[in-house]
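Naming: A, B, ... by sequence-line order, numbering from 1 per chain. Since this is a predicted model, take the numbers as computed values, not measurements.
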Number of protein chains: 2
Amino acid sequence: MSSWQSEAEFLEHYDSRHYSGPLVSVDVAIFTLHEAQLKVLLVQRGEFPCKGRWALPGGFINMGGDADLYATARRKLKDKTGVDAPLLEQVCSLGNDARDPRGWSVTVLYMALVPWAPTAEFMESVTDARWWPVQWVDELAMAFDHAALIEAARDRLKNKTAYTVLPVHVLKRPFTLTQLQNAFELLMDTQLEKKSFRRRILNAKILEEAGEASPEGGRGRPAALYVPARGSEKHLFARVFGETA
Amino acid sequence: MSSWQSEAEFLEHYDSRHYSGPLVSVDVAIFTLHEAQLKVLLVQRGEFPCKGRWALPGGFINMGGDADLYATARRKLKDKTGVDAPLLEQVCSLGNDARDPRGWSVTVLYMALVPWAPTAEFMESVTDARWWPVQWVDELAMAFDHAALIEAARDRLKNKTAYTVLPVHVLKRPFTLTQLQNAFELLMDTQLEKKSFRRRILNAKILEEAGEASPEGGRGRPAALYVPARGSEKHLFARVFGETA
DNA sequence: GCAATAGTGTCTTTTAGACAGTATCCA
DNA sequence: TGGATACTGTCTAAAAGACACTATTGC
């Protein structure tokens, strides 16, 4: 093809404007728990294409300011929730020539888990964004293939909850084991045995005691409070949970 | 920003050439088993940048011909191995402003597993590609961040082998349980108990008997032969294997 | 018979499921 | 005392680890 003698010479003559590739965006499925429901943050698009429809927070990479894909995702998360470094991880990438009317486009999908409380105040200042129960997504007019993206993130969430302690990230700390079990149940969309749950979590030594609290309704025995121990995010159970094989 | 009245009008005036995003490529880490070693397919780059260095098969999306990212990956796989539809799945995407000297670039990484035999003949016609034992990758002059990509794919391979029957994809069919166990051990880089292995695989009912064969060395008791049953790729074990917790 | 490979019996250990039981709070 | 919530005891079941054992072949 070309006949440059060195990489330096090649790069000197390389002009990235001659490259025309697909559109690239980063989208973030941000989940939280509120009012005993799993909710996802959606923004109503103010511009074409898909103006007026609901979409995941996301957009193009800022090639000047974003050091990497994770930085783009983190920026999007902070823009909409005000929250910084909770759980934020890549789910997958999706690209084809049909998902965006502007042409071949690729999105890198991230998912985030945040406790609801710290976002509440900030969210009031973000007029175009709101939390929707995930079950309602089917009913909404969704932009692009974002309904499918949410499902992909939702699946990952469900799967990972079965062998990690991912749900600690949607609770404000400290929390009780009952609250944690509720979080697990909502993320996995299934009921769990109380005894099995507590045995599993406590035996793994991934929580630290942090006092005790009176029960939510005011009535009942006070519950022990916990915070995640250092490194608990990395704990992998050898066996998945909640399968009545 | 703009003031188009309808999506059709917006699209009519949209010119994708005004968009300047990151370079996007798809790279495929293709693994096989040969001579009792896990090997990865690398090609020696003939062009700048990184001319002369070893790289994963990959390149830009053909926006005219590739329907989606998977199609691009599949094309790359077929170009280099002649093999079509074995195991091919997305691992992750990696993007930053440092991995390619041409500027901000994103790669979508796939991994593939193929039996060695069907690739052998085709590979002779592909002069710039060869199988390298994965342990040797550290010693090679690798292009871009491809050493890191290989490690990411390798990690995924190891993890998934612990709760699926992924390794069936690197064996030519039919195979014996001993061959399958060897494949598991090479992909997981650990030793497995024979009895536990056989119990796990056979109880899961994911293999079908397919006659028997005389042992490889000519000596010894003949072994039962198996092929994967339909749907076996989707089988998920509830417990990871090979952990002496 | 021996070497080599294939395959089994069986005991222990770990951890989840089931579910009834006890503990501690408020009114 | 009773209702509500938190927490435990304990039996069973499933599946992995360990490892010695038997089975079938070629020489």
Side-chain angles (χ1 to χ4, degrees), chain A residues 36 159 161-165 167 171 174-185 188 190-226 235-245, chain B residues 36 159 161-165 167 171 174-185 188 190-226 235-245:
Chain A
N159 290 333
T161 298
Y163 62 94
T164 64
V165 280
L171 296 177
F175 46 79
T176 69
L177 284 183
T178 301
Q179 287 165 349
L180 186 59
Q181 182 172 346
N182 284 336
F184 269 79
E185 290 179 341
M188 296 179 70
T190 185
Q191 295 288 107
L192 300 175
E193 280 298 316
K194 180 162 59 171
K195 177 63 177 180
S196 304
F197 179 78
R198 302 169 88 92
R199 196 171 37 201
R200 179 177 168 104
I201 299 293
L202 293 175
N203 283 352
K205 298 197 172 108
I206 47 192
L207 298 184
E208 282 170 9
E209 298 192 45
E212 66 173 36
S214 40
E216 309 203 33
R219 274 188 287 274
R221 174 171 166 179
L225 291 170
Y226 297 89
H235 185 84
L236 299 178
F237 291 94
R239 193 166 158 185
V240 300
F241 196 59
E243 295 217 325
T244 314
Chain B
N159 290 333
T161 298
Y163 63 93
T164 63
V165 280
L171 296 177
F175 47 78
T176 69
L177 283 182
T178 302
Q179 287 165 349
L180 186 59
Q181 182 172 346
N182 285 335
F184 268 78
E185 290 178 341
M188 295 179 72
T190 187
Q191 295 287 109
L192 300 175
E193 280 298 316
K194 179 163 60 169
K195 177 63 178 181
S196 304
F197 179 77
R198 302 168 88 91
R199 196 171 37 198
R200 180 177 169 104
I201 299 293
L202 293 176
N203 283 352
K205 298 194 172 112
I206 47 191
L207 298 184
E208 281 169 10
E209 297 192 46
E212 63 173 38
S214 39
E216 308 203 34
R219 274 188 287 274
R221 173 172 168 177
L225 291 170
Y226 297 90
H235 185 84
L236 298 177
F237 290 95
R239 190 165 160 185
V240 300
F241 196 59
E243 294 217 324
T244 314

Item to check | Atom-pair distance (CZ on A/F197; P on D/dT5), nearest Å | outcome: 18 Å

Item to check | Least distance between heavy atoms, A/I201 atom then A/I206 atom | outcome: O-CG1, 3.9 Å

Checklist entry - Considering heavy-atom distances to DNA chain D, does A/T178 or B/E212 have its closest nucleotide positioned more toward the 5' end? => result A/T178

Checklist entry - Which residue, B/R198 or A/R239, contacts DNA chain C at a nucleotide closer to its 5' end, judged by nearest heavy atom? => result B/R198

Checklist entry - To the nearest angstrom, how far is B/L192 atom CG from D/dA18 atom C1'? => result 14 Å

Item to check | Polar pair under 3.5 Å, donor/acceptor by atom type, side chain B/R221, base D/dA23 | outcome: yes

Checklist entry - Which nucleotide in the set D/dA23, D/dA16, C/dT24 lies at the smallest distance from any side-chain heavy atom of B/S196? => result D/dA16

Item to check | Distance-minimising heavy-atom pair for A/H235 and A/A204 | outcome: NE2-CB, 3.7 Å

Checklist entry - Ignoring hydrogens and angles, does a donor from either the side chain of B/K195 or the base of C/dG9 sit under 3.5 Å from an acceptor on the other? => result yes

Checklist entry - Taking for each residue the nucleotide of DNA chain C with the nearest heavy atom, is it B/L177 or B/R199 whose nucleotide lies nearer the 5' end? => result B/L177

Item to check | Nucleotide D/dT12, atom C1' - distance to CD of A/E193 in whole Å | outcome: 13 Å

Checklist outcome for this item: Separation of C/dA6 atom P from B/L207 atom CG, nearest Å, is 15 Å

Checklist entry - Considering all heavy atoms of both residues, which atom of B/V165 and which atom of B/F237 are nearest to each other, and what is their separation? => result CG1-CE1, 4.1 Å

Checklist entry - Under 4.0 angstrom, heavy atoms only, what part of the nucleic acid is B/R200 near: base, sugar-phosphate, or nothing? => result sugar-phosphate

Item to check | Atom-pair distance (CZ on A/F237; C1' on D/dA15), nearest Å | outcome: 18 Å

Next on the checklist: Closest approach to the side chain of A/A223, judged atom by atom: which nucleotide of D/dT8, D/dA6, C/dG7 is it?
Outcome noted: D/dA6

Checklist entry - Atom CD of A/Q181 to atom C1' of D/dC7: distance rounded to whole Å? => result 12 Å

Item to check | Candidates D/dA18, D/dA6, D/dT25 - which lies nearest the side chain of A/K194 | outcome: D/dA6

Checklist outcome for this item: Heavy atoms of B/T161 and B/M188 approach each other most closely as CG2-CG, 3.3 Å

Checklist entry - Given that A/L202 and B/F241 both sit by DNA chain D, which one's nearest nucleotide is further toward the 5' end? => result A/L202

Review item, side-chain donor-acceptor pairs of residues 192-200 of chain B, under 3.5 Å, at least two apart:
{"residue": "B/R200", "atom": "NH1", "partner": "B/R239", "partner atom": "O", "Å": "3.0"}
{"residue": "B/R200", "atom": "NH2", "partner": "B/A162", "partner atom": "O", "Å": "3.1"}
{"residue": "B/R200", "atom": "NH2", "partner": "B/R239", "partner atom": "O", "Å": "2.9"}

Item to check | Gap between atoms CG and C1', on B/N203 and C/dT8 respectively (whole Å) | outcome: 13 Å

Item to check | Whole angstrom value for the distance that separates C1' of D/dA15 from CD1 of B/I201 | outcome: 13 Å

